[in-house]
K.L.:
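Got a structure for you, questions after.
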Number of protein chains: 2
Amino acid sequence: MEALWELGAASVREIQERLPAKGRPAHTTVQTILTRLEAKQAVRRAKKISNAYIYEPVVTRGATQRLLVDELLAFFGGRAAPLVSHLIESGQLTLQDVEEARKALKGDGKHG
Amino acid sequence: MEALWELGAASVREIQERLPAKGRPAHTTVQTILTRLEAKQAVRRAKKISNAYIYEPVVTRGATQRLLVDELLAFFGGRAAPLVSHLIESGQLTLQDVEEARKALKGDGKHG
DNA sequence: CATTGTCTCCTACATCTGTAGAATCGTCAA
DNA sequence: TTGACGATTCTACAGATGTAGGAGACAATG
């Protein structure tokens, strides 16, 4: 649903056609979703070309990811440790990632 | 909604009464949720005491968390690094957590 | 101006989820 | 058996989300 972040600003048609042909929704479906996202202030109409609106993301992908992470964190009782544990278990988190995280933590210093 | 994991097996009444008084849902609301969770095979009826069913979780909290994490990970393109970055930025991930993660990774060895 | 093609707007339907009242059923006590 | 109390089942409604058809608006073309 939010694959439009990859496109930046785009018209309904552009978005719809960029979607994987496999099970691609109808043009009006994309239109509806955009309208609802607009109502939610997640996107906005940047301008109009001919009779078509160009939609532009208001919330960035990063911001959305942050939101999601916070929600997940809440589900974990606000503690990141169990989350990290899972990441390790599933082999998604490499030693290198952890090393970088360590450096970031030490270098930052102003946490907590 | 899934605060029943804290209780283990319990009846509708027990669950409902354990919920925070603040905005506690009606008995039938809890009942409905349980019924739907049962249809989804997330819980099951363990047994019956008098005329009340005792519900029991089928999926553990951990399994649910794993699911959630995997979903989030998918949204991050399968890479854990950005996720960890956010954790650090929001101050949720302590140096101690990272150290433990490091040990787990080294001690494990069979990842990747 | 009429035609055609595209886009938007309005409306609609299905499912999921949260919420809960009404009716019914079952159990326990007298 | 009858009454009371609590649990289950049935039904319903609202909001969010995914899906999409039909009607009308608007631009390009002849």
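These values consider heavy atoms only, across backbone and side chains, with no hydrogens, waters or symmetry-generated copies. Note on naming: letters A, B, ... go to the chains in the order of the sequence lines (proteins, then strands), and numbering restarts at 1 for each one.
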K.L.:
Under the side-chain contact (heavy atoms from CB on, under 4.5 Å) rule, collect the residues that match up with B/I33, sequence neighbours excluded.
P.N.:
B/M1, B/T29, B/L37
K.L.:
Look up atom OH in B/Y55 and atom CD1 in B/I15, then write down how far apart they are to the nearest 0.5 Å.
P.N.:
8.5 Å
K.L.:
Hey, could you give me the CG/CD distance between A/D70 and A/Q65, rounded to the nearest 0.5 Å?
P.N.:
12.0 Å
K.L.:
Pull out every protein N or O sitting under 3.5 Å from an N or O of nucleotides 11-20 of chain C, one pair per line with the distance.
P.N.:
residue : atom : partner : partner atom : Å
C/dT17  : OP2  : B/K40   : NZ           : 3.1
C/dG18  : N7   : B/R36   : NH1          : 2.6
C/dG18  : O6   : B/R36   : NH2          : 3.3
C/dT19  : O4   : B/R36   : NH2          : 3.3
C/dA20  : OP2  : B/A26   : N            : 2.7
C/dA20  : OP2  : B/T29   : OG1          : 3.2
C/dA20  : N6   : B/T32   : OG1          : 2.7

K.L.:
Set out, in order, the CA-CA distance, both residues' side-chain angles and the distance that settles side chain to side chain contact (heavy atoms under 4.5 Å, CB included) for A/V58 and A/R44, then state yes or no.
P.N.:
CA-CA 6 Å; A/V58 170; A/R44 68 174 170 174; 3.8 Å; yes
K.L.:
With a strict under 4.0 Å distance from non-hydrogen atoms of chain B, what nucleotide opens and what nucleotide closes the contacted stretch of DNA chain D, reading 5' to 3'?
P.N.:
D/dG6 to D/dA12
K.L.:
Rounded to whole Å, please give me the gap between CD1 in A/I49 and C1' in C/dT6.
P.N.:
14 Å
K.L.:
Is a side-chain N or O of B/Q16 found less than 3.5 angstrom from the main chain of B/P25, in a donor-acceptor match?
P.N.:
yes
K.L.:
For B/E17, give me all partners under side-chain contact (heavy atoms from CB on, under 4.5 Å), at least two apart in sequence or on another chain.
P.N.:
B/R13
K.L.:
From the list C/dC9, C/dG26, C/dT8, which nucleotide is the closest neighbour of the side chain of A/H27?
P.N.:
C/dT8
K.L.:
What is the separation between atom CD on A/Q31 and atom P on C/dT8, rounded to the nearest whole Å?
P.N.:
4 Å
K.L.:
Measuring from A/E71:CD to B/L68:CG, what's the distance to the nearest 0.5 Å?
P.N.:
9.5 Å
K.L.:
So, under a plain 3.5 Å distance rule, would you say the side chain of A/N51 forms a donor-acceptor pair with the base of C/dT6?
P.N.:
yes
K.L.:
So for the helix from C/dC1-D/dG30 to C/dA30-D/dT1, with five pairs setting each end axis, what is the inter-axis angle to 10°?
P.N.:
20°
K.L.:
Would B/Q31 and B/V12 count as a side chain to side chain contact (heavy atoms under 4.5 Å, CB included) if you check the C-alpha gap in whole Å, the side-chain angles of each, and the deciding distance to 0.1 Å?
P.N.:
CA-CA 6 Å; B/Q31 176 72 60; B/V12 172; 3.4 Å; yes
K.L.:
Just jot down the side-chain hydrogen bond (donor to acceptor under 3.5 Å, both in side chains) partners of B/R18, sequence neighbours excluded, or say none.
P.N.:
none
K.L.:
Roughly how far apart are A/R45 CZ and A/T35 OG1, rounded to 0.5 Å?
P.N.:
6.0 Å
